[in-house]
There are 2 protein chains.
Amino acid sequence: MNKNICPGNVCAECGFRSSVFSKLSDEQLDQLTANKTFNFARKGETIAKQDSPIKGFIFLRVGLAKLTRVNPDGREQIIGIATPNDFVGLLSIFSSKSYQYNIIAIEDCEYCCVDYNLVMNLISTNGDFAKTLLEKISQVSDLMMGTRLDLELRQLRGRVAFIICYFANEVYKSPKFNLPISRREIAELIDMRVENVVRILSEFRRDNIIRIEGTTIEIVDPDKLRWIKMHG
Amino acid sequence: MNKNICPGNVCAECGFRSSVFSKLSDEQLDQLTANKTFNFARKGETIAKQDSPIKGFIFLRVGLAKLTRVNPDGREQIIGIATPNDFVGLLSIFSSKSYQYNIIAIEDCEYCCVDYNLVMNLISTNGDFAKTLLEKISQVSDLMMGTRLDLELRQLRGRVAFIICYFANEVYKSPKFNLPISRREIAELIDMRVENVVRILSEFRRDNIIRIEGTTIEIVDPDKLRWIKMHG
DNA sequence: AATCAATCCTGTTATATATCAATATATATA
DNA sequence: TATATATATTGATATATAACAGGATTGATT
């Protein structure tokens with residue numbers, strides 16, 4: 001990892017500032033900025049490794065990353081996708097000395113890593129900052145939990161529809177997008193088998209619900225897709 | 001709900017004190033104690049209702065409660081069991097003005113409800129308290145998430161074994177216990193159908209893995225049960 | 001261009017789970 | 001006590017999903 005100058009705007013204007021750190025004084029923010037590293041991760045590279053010690057708070061500036069874990073059977077499970085301006089791994093940072101999940105870039109990423117001890121000190125001295133952090137953690141946790149619970153009681157078609165809508169609405173905010181993960185990874189994300197992911201995608205294409213061109217997916221019939229997401 | 005004198009030990013000696021509020025000064029704790037209500041809930045009664053406004057922090061002193069939610073399809077899902085000394089609903093209390101889940105007693109319960117605004121003020125003024133809270137939230141969230149993720153990739157036999165082990169090891173700390181929930185509720189908890197819960201329990205009994213007498217369950221062959229939990 | 005490996009895709013078959021039906025048992029209510 | 005109502009149970013059947021097999025396509029490497 002390289003400690004570099006952040007190539008983007010200064011922190012005060014970055015998503016970095018606007019979200020979790022908004023309650024810090026200018027002085028405290030300067031202190032933080034001085035104690036962070038700026039990093040790149042190419043697609044496929046690991047940003048953090050499950051069970052390895054937590055070095056700091058990871059703020060994803062640009063790109064997408066997957067959060068994965070290897071379950072006891074050795075099967076790999078993707079538990080979520082991190083998008084720009086996310087604090088990744090926030091969930092477990094207060095309950096463990098090591099990361100509970102792998103964080104792996106699925107697009108080229110830029111991220112900042114903020115010193116762990118410094119943040120901990122700020123929490124102790126700045127209660128409003130702590131409150132913001134509590135809110136953020138709570139949101140992230142709620143969202144993830146809600147997503148998993150939603151997925152659990154859908155069957156395969158519903159799950160595939162769900163994930164297509166997720167990328168279109170939440171990640172790319174466009175009905176046409178470049179699917180950043182393989183069929184295998186979709187399967188790992190929504191707990192199904194690769195063959196069935198493929199099959200159902202083909203089925204959706206056959207029924208003119210989506211269009212597939214190489215790695216690009218376009219939603220053609222959003223109503224029907226939404227219906228399947230809810231009732232499939 | 002009645003505002004009563006707590007019949008147990010004073011807060012300073014209660015689980016209440018020992019966990020999340022350990023970093024408070026005596027003065028702050030007194031303040032908190034003065035602003036809490038003590039309540040009973042009989043088996044089946046609702047302690048908090050999904051989508052209703054959050055009144056305060058709920059601390060479960062005695063008894064068991066289930067956390068449920070009604071998903072968009074109207075199907076009821078149990079997302080977890082709260083045990084004594086749990087802060088229930090902690091997960092969403094910072095991200096929402098209303099409860100994300102129902103909290104329903106499955107045994108007679110005693111619980112305290114601590115004033116919301118007071119806790120919020122304490123967070124702002126006492127950073128170490130905030131940190132403790134962050135840790136607690138993080139733990140709860142991790143545990144719940146981990147449980148759901150574990151359950152997701154098990155099949156039915158594995159899930160049933162999981163839930164029996166859960167009650168024996170985590171809740172009652174004994175191989176013989178009184179199952180506090182119905183077959184239907186087990187089904188809602190581990191995402192399966194009542195008939196299959198019954199069927200698999202009978203199967204386990206037939207195979208001399210458990211003994212069932214009325215509402216009592218006893219684990220007879222813990223090794224085999226653990227094996228099924230892991231590989232079933 | 002040739003080779004290899006990974007991913008993608010489709011059909012067939014096996015297995016797990018849900019659904020339906022019918023009865024028994026317990027629990028609440030009048 | 002009698003009657004209704006929810007829960008528990010078991011069997012038969014339908015459906016959804018996984019597993020297996022074989023081929024097509026893509027991408028990287030030599």
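Below, each value reflects all heavy atoms present in this structure, side chains not excepted, and no hydrogens, waters or symmetry copies. As the structure is a computational prediction, the values presented were derived from the model and not from experiment. Labels below follow one simple rule: chain letters A, B, ... track the order of the sequence lines, proteins then strands, and each chain is numbered from 1.
Shown here for B:Gly89 and B:Ile103, the closest heavy-atom pair between the two residues is N-CD1, 4.5 Å.
Rounded to whole angstrom, the span from the CG atom of B:Leu151 across to the C1' atom of C:dT17 amounts to 16 Å. Going from atom CG of B:Leu153 over to atom C1' of C:dA16 covers 16 Å, rounded to whole Å. Separating the CZ atom of B:Arg184 from the C1' atom of D:dT5 is a distance of 13 Å, rounded to the nearest angstrom. At whole-Å resolution of the value, CD in B:Glu203 and C1' in D:dT9 are 14 Å apart. Rounding to whole angstrom units, NE2 of residue A:His231 and P of D:dA16 are separated by 16 Å. Summarising the geometry, the separation between CD on A:Gln155 and C1' on D:dA14 is reported as 13 Å, rounded to the nearest angstrom. When rounded to the nearest whole Å, the span between CD1 of B:Ile190 and C1' of C:dA16 equals 15 Å. Residue A:Ile228 contributes atom CD1, which lies 14 Å from atom P of D:dA16 at whole-angstrom precision.
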Where do N or O atoms of nucleotides 25-29 of chain D meet protein N or O atoms at under 3.5 Å, pair by pair?
none

Distances for protein N or O near nucleotides 19-23 of chain D N or O, under 3.5 Å:
from   : atom 1 : to       : atom 2 : distance (Å)
D:dA19 : OP2    : A:Arg193 : NE     : 3.0
D:dA19 : OP2    : A:Arg193 : NH1    : 3.3
D:dA19 : OP2    : A:Arg193 : NH2    : 3.4
D:dA19 : N6     : A:Arg199 : NH2    : 3.2

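A close approach under 4.0 Å does not occur between any side-chain nitrogen or oxygen of B:Ser182 and OP1 or OP2 of D:dA6.
In this structure, D:dG22 forms a base pair with C:dC9, meeting either the Watson-Crick or the G-U wobble geometry with both donor-acceptor distances under 3.5 Å.
Of the candidates B:Ile219, B:Val220, B:Thr216, B:Arg211 forms a side chain to side chain contact (heavy atoms under 4.5 Å, CB included) with just one, namely B:Val220.
Proximity of a side-chain donor or acceptor of B:Arg159 to a complementary backbone N or O of B:Asp191 within less than 3.5 Å is detected. Judged by distance alone, with hydrogens and angles left aside, the side-chain atoms of B:Lys49 form no donor-acceptor pair with the main-chain N or O of B:Thr46 at under 3.5 Å.
Heavy atoms from other residues, nucleotides or ligands lying under 6.0 Å from CZ of B:Arg184 number 12 at most.
Classification of the B:Phe38-B:Phe40 ring pair by plane angle, with boundaries at 30° and 60°, yields perpendicular.
Using a 4.0 Å cut-off between charged nitrogen and carboxylate oxygen, A:Glu203 and A:Arg157 count as a salt-bridge pair. Using a 4.0 Å cut-off between charged nitrogen and carboxylate oxygen, B:Lys43 and B:Asp108 do not count as a salt-bridge pair.
With sequence neighbours left out, A:Tyr172 forms a ring pair (Phe, Tyr, Trp, His ring centres under 6.0 Å) with A:Phe177.
Distances from the side chain of B:Leu156 to the nucleotides C:dT10, C:dT7, C:dA18 place C:dA18 closest.
Ranked by how close their nearest DNA chain D nucleotide is to the 5' end, A:Met192 and B:Arg183 are led by B:Arg183.
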